[in-house]
Amino acid sequence: MPAELIDGVAVAKEIRAEVARDAAALLASRGITPGLTVVLVGEDPASAVYVASKEKACKEAGMNGETIRLAADTPQADLLALIDRLNADPAVHGILVQMPVPKHIDPQAVILRIAPEKDVDGFHPINVGRVWIGDDTGFAPCTPAGVMVLLERAGVRVAGANAVVLGRSTIVGKPMTSLLVNASATVTVCHSKTRDLASVTRGADILVAAIGRPEFVTADMVKPGAVVIDVGINRVDDPTAKRGYRLCGDVAFATVREVASKITPVPGGVGPMTIAMLLKNTVRAAEQRA
Ligand code: NDP
């Protein structure tokens with residue numbers, strides 16, 4: 001029997017509705033409207049699309065969503081000064097500088113400048129540490145946090161499960177590992193130097209793929225009955241598609257679906273959760289500041 005689909009669009013919709021309810025409650029009880037400010041440096045078209053969808057999502061949830069656009073040649077000092085102003089602004093609860101920033105700007109300097117209490121992306125080392133030690137006041141990066149919600153709402157038992165995370169990036173693989181460990185999974189992290197990868201992935205009850213390689217995970221790498229979460233978003237050429245390409249994940253969906261018990265599709269799985277969790281983090285930031 002093919003695996004049950006974990007519907008990220010539906011779960012993200014639930015989260016957004018819960019966020020809207022929490023934002024309305026905060027306004028009613030304390031007169032606070034949660035506010036997210038996104039800073040976009042330069043004109044990268046993909047980033048512009050992401051930023052516009054974040055602003056729209058904020059407004060739909062009854063929150064303040066503002067985008068500050070800076071020219072591509074903005075000096076790093078000017079960007080840091082802007083972050084200082086946003087850190088001091090009581091109406092701003094979440095600050096997000098859209099990555100990647102232009103080459104002359106050091107992304108780590110930007111991340112370090114954002115007040116940890118407003119770092120709703122969860123990239124500041126203070127938040128990385130808080131999440132790692134299981135301190136609930138920390139903000140976890142939105143994509144792995146979204147994966148945890150998908151697992152929970154799909155009724156997947158994480159405690160005691162053997163989880164394998166494919167990928168060790170700072171934005172997905174590593175925070176995914178810490179969230180799974182804190183949820184009492186037994187976690188193995190794989191990367192490009194892992195030997196005999198398939199033998200490791202075949203031990204997974206929960207397999208999270210975040211490597212950025214189209215359809216890399218094949219059915220022979222998956223234990224029958226495993227839960228497979230595909231974080232990958234890859235563009236592959238497809239002359240039959242209207243745009244000349246199609247999106248696919250890091251998992252060979254059609255064949256893995258025949259082996260797994262539950263699986264996320266791409267698109268429509270993990271992707272929609274990221275913005276929903278960003279909104280959730282922003283409301284939490286507002287609640288914690290209040
Ligand atoms: P990175 O490129 O930063 O990291 C990729 C990781 O995969 C690295 O740890 C790398 O190992 C590992 N890796 C690469 N090739 C192999 C291989 N052949 N075998 C084993 N491990 C390998 O990617 P990200 O974490 O930023 O993103 C991963 C995917 O998730 C991408 O497709 C991206 O588009 C998607 N993504 C989706 C999001 C969403 O909202 N749904 C958000 C963020 C990312 P090593 O460290 O040794 O180099």
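Since this is a predicted model, take the numbers as computed values, not measurements. Residues: numbered from 1 along the sequence shown. One-based numbering, in listed order, for ligands and for the atoms of each.
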So which protein heavy atom does atom 36 (N) of ligand 1 come closest to, and at what separation?
V231 O, 3.7 Å

Straight-line distance of T37 OG1 to K54 NZ, nearest 0.5 Å:
13.0 Å

Side-chain ion pair, R246 and E215, N-O less than 4.0 Å:
yes

Is the shortest distance from a heavy atom of T143 to ligand 1 less than 4.0 Å?
yes

Looking only at protein heavy atoms, which one is nearest to atom 5 (C) of ligand 1, and what is the separation?
I211 O, 3.7 Å

Are R153 and E18 close enough for a salt bridge, meaning some N to O gap below 4.0 Å?
yes

At the 4.0 Å heavy-atom cut-off, does G271 count as touching ligand 1?
yes

May I ask you to list the atoms of ligand 1 that are less than 4.0 angstrom from any heavy atom of N234?
32 (O)

Okay, side chain of H191, backbone of G173: is any donor-acceptor separation there less than 3.5 Å?
no

Can you report which non-hydrogen protein atom sits closest to atom 19 (N) of ligand 1, along with the distance?
F216 CZ, 3.7 Å

Just to verify, which of V172, L150, I233, V208 counts as forming a side-chain contact (heavy atoms from CB on, under 4.5 Å) with V270?
L150

Return the closest protein heavy atom for atom 9 (O) of ligand 1 as residue, atom name and distance.
R168 N, 2.8 Å

Element-labelled atoms of ligand 1 that are located less than 4.0 Å from some non-hydrogen atom of G167
6 (C), 7 (O), 9 (O)

for atom 31 (C) of ligand 1, nearest protein heavy atom and its distance come out as G212 CA, 3.6 Å

Judged by atom type as modelled, is there a donor-acceptor pair below 3.5 Å linking the side chain of N127 to the main-chain atoms of G138?
no

What is the closest protein heavy atom to atom 34 (O) of ligand 1, and at what distance does it sit?
I233 O, 3.2 Å

Quick one: which of L96, L86, V51, I83 gives a side-chain contact (heavy atoms from CB on, under 4.5 Å) with V39?
L86

Do side-chain atoms of N87 reach the backbone of R113 as a donor and acceptor pair under 3.5 angstrom?
yes

Please work out which of S169, P272, S192, A209 has its closest non-hydrogen atom nearest to atom 24 (P) of ligand 1.
S169

Is atom 2 (O) of ligand 1 near the protein, in the sense that some protein heavy atom lies at less than 4.0 Å from it?
no

Would you check whether A210 reaches within less than 4.0 Å of ligand 1, judged by its heavy atoms?
yes

At under 4.0 Å between heavy atoms, is it the side chain or the backbone of I171 that contacts ligand 1, or both, or neither?
side chain

Side chain or backbone of R213 under 4.0 Å from ligand 1, or both, or neither, by non-hydrogen atoms?
side chain

I need the nearest protein heavy-atom contact for atom 21 (N) of ligand 1: residue, atom name and distance, please.
H191 C, 3.1 Å

Around D196, counting heavy atoms of other residues, nucleotides and ligands shown, do more than 12 lie under 6.0 Å from its CG?
yes

Closest protein heavy atom to atom 40 (O) of ligand 1, given as residue, atom name and distance to 0.1 Å
T274 OG1, 2.8 Å

Can you tell which of D250, L247, I211 makes a side-chain contact (heavy atoms from CB on, under 4.5 Å) with N234?
D250

Residue of the set V165, V156, L207, L151 for which side-chain contact (heavy atoms from CB on, under 4.5 Å) holds with I229:
L151

Ligand 1 atoms in contact with V172 (distance to a heavy atom under 4.0 Å)
25 (O), 43 (C), 44 (C)

Test your reading of the model: is there a side-chain donor-acceptor pair from N281 to the backbone of A140, 3.5 Å cut-off?
yes

Regarding ligand 1, does K193 bring an N or O atom to under 3.5 Å of one of the ligand's N or O atoms?
no

